[in-house]
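Read through the structure below, which is laid out as structure tokens, and then see the notes.
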Amino acid sequence: MERLMAEIVIMDFSGIYKGEQFFEGEKVSWLDVREIPGTNCYCDDEAKTQILEKLEEFSAGGIYFIDSGNYHYMSRIGIERVKEPFRLLVFDNHTDMQLPAFGGLLSCGGWIASAIEEAENLVEVWLVGPDEEAYSQVEEPLKEKVKFFSREMLQDFRNNESYSEKTNNMERNVMDFSFLGEIPTDLPLYVSIDKDVLGTTDASTTWSQGDMTLGEMMAALEFVTRHFKEAGGKILQVDICGECDPDGADNERNDAANRELLKFWKNFFAEQEDRGALL
């Protein structure tokens with residue numbers, strides 16, 4: 001059987017991806033949004049309307065690269081296109097649940113709060129990576145829909161239960177990610193990854209970073225996808241952000257991380273589509 005290909009969309013807000021090679025040899029769609037004003041960190045209503053119009057030619061599924069963390073609000077826009085009940089899994093060094101400071105504008109720092117308050121089909125959020133102090137500042141009503149796994153919790157796993165192994169020539173610190181096996185599989189899952197959850201060895205971003213390794217990230221994703229495959233669950237879409245400023249730091253680490261993530265998710269969606277075709 002010919003394997004089906006997930007759509008791969010690269011959203012170009014800043015031009016940063018022009019200096020990377022992770023997508024070379026892949027069938028990708030470039031979406032140029034650099035000319036749309038009102039998009040950096042905050043997204044106004046006119047910009048949102050223009051972005052949604054440009055997205056109409058693409059499916060609400062597959063793999064989306066959405067530039068730096070300044071544009072993580074694209075996850076909120078992507079969620080708006082989901083027309084069925086679903087859960088959201090987010091890897092991020094920040095809660096992204098700050099209430100808007102400017103007239104209700106959609107922001108990179110508040111998109112999860114916006115989704116919880118406004119997205120009718122969002123049933124639950126699983127948030128992995130921010131520290132406990134940051135989460136303590138989140139408004140209590142927002143927490144009712146959130147399952148939270150802190151940076152400190154991951155550090156405890158790393159200190160007490162991790163071990164190293166060589167997999168595909170990459171050193172991995174493999175932690176116990178069994179808590180991700182608690183995500184119910186009765187509804188589809190939307191996955192959002194901000195590479196600022198990674199330490200500076202594996203990524204260079206525009207925002208403060210966590211200390212997860214790329215190996216740990218890949219192990220977590222392997223656990224989640226295996227959990228959904230074994231239960232017959234469905235993953236709808238993944239989006240990935242966390243690039244650096246175009247005129248900023250060396251981008252080789254981001255390119256390498258994006259290559260690993262793209263390879264992983266491309267293979268996963270091909271297998272998922274094959275399973276669906278056999279049903």
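Hydrogens, waters and symmetry mates are skipped; everything else that's a heavy atom, side chains included, is used.
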One pair to check against side chain to side chain contact (heavy atoms under 4.5 Å, CB included): I116 and V125. What are the steps and the verdict? CA-CA 8 Å; I116 290 172; V125 178; 4.0 Å; yes
Quick one: do T200 and R253 satisfy side chain to side chain contact (heavy atoms under 4.5 Å, CB included)? Show the steps, please. CA-CA 9 Å; T200 55; R253 287 163 285 170; 4.3 Å; yes
CA sep, side-chain torsions, deciding dist, call: L261, V238, side chain to side chain contact (heavy atoms under 4.5 Å, CB included): CA-CA 10 Å; L261 289 165; V238 58; over 6 Å; no
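Under the salt bridge (Lys or Arg N to Asp or Glu O under 4.0 Å) criterion, K54 pairs with E35, not counting sequence neighbours. With sequence neighbours excluded, the residues forming a ring pair (Phe, Tyr, Trp, His ring centres under 6.0 Å) with Y42 are F102, listed by chain and number. Taking D44 as the reference, nothing meets the salt bridge (Lys or Arg N to Asp or Glu O under 4.0 Å) condition, with sequence neighbours excluded. Annotation: ring pair (Phe, Tyr, Trp, His ring centres under 6.0 Å) contacts of Y190 (sequence neighbours excluded): none. In terms of the ring pair (Phe, Tyr, Trp, His ring centres under 6.0 Å) criterion, residue partners of W126 (sequence neighbours excluded) are, by chain and number, F149. Take T49 and apply the side-chain contact (heavy atoms from CB on, under 4.5 Å) test, not counting sequence neighbours, and it matches E53. In this structure, the salt bridge (Lys or Arg N to Asp or Glu O under 4.0 Å) partners of D32, at least two apart in sequence or on a different chain, are R34.
A salt bridge links E140 and K143; the closest N-O separation between the charged side-chain nitrogens and carboxylate oxygens is under 4.0 Å.
Listed here is the closest heavy atom pair of M74 and I66: CB-CD1, 3.8 Å. Nearest approach of N93 to S208, heavy atoms of both residues: ND2-O, 3.0 Å. Of all heavy-atom pairs between H94 and D92, the closest is N-OD1, 2.8 Å.
Judged as a salt bridge (charged side-chain N to carboxylate O under 4.0 Å, His left out), the pairs with a partner in residues 196-214 (not counting sequence neighbours) are, in order, R151-D211, R158-D211. Counting only residues at least two apart or in different chains, salt bridge (charged side-chain N to carboxylate O under 4.0 Å, His left out) contacts with residues 105-123 comprise R76-E118. Within the structure, ring pair (Phe, Tyr, Trp, His ring centres under 6.0 Å) pairs that include any residue of residues 66-87 comprise F13-Y71, H72-W111 (at least two apart or interchain). Here salt bridge (charged side-chain N to carboxylate O under 4.0 Å, His left out) pairs that include residues 178-195, with residues two or more places apart or in two chains, are R87-D186, K195-E243. Screening residues 224-234 for side chain to side chain donor-acceptor pair (under 3.5 Å), with sequence neighbours left out, gives K229-E271.
Between the side chains of T206 and D245, no donor-acceptor pair is found at a separation under 3.5 Å. In this model, no donor atom of one side chain and acceptor atom of the other lie less than 3.5 Å apart for N121 and E84.
Taking the six-membered ring for Trp and the full ring otherwise, W265 and Y64 have centroids separated by 6.0 Å or more.
Other residues, nucleotides and ligands contribute only 12 or fewer heavy atoms inside 6.0 Å of the CD atom of E139.
Note: F157 and F179 have parallel aromatic rings, judged against thresholds of 30 and 60 degrees for the angle between ring planes.
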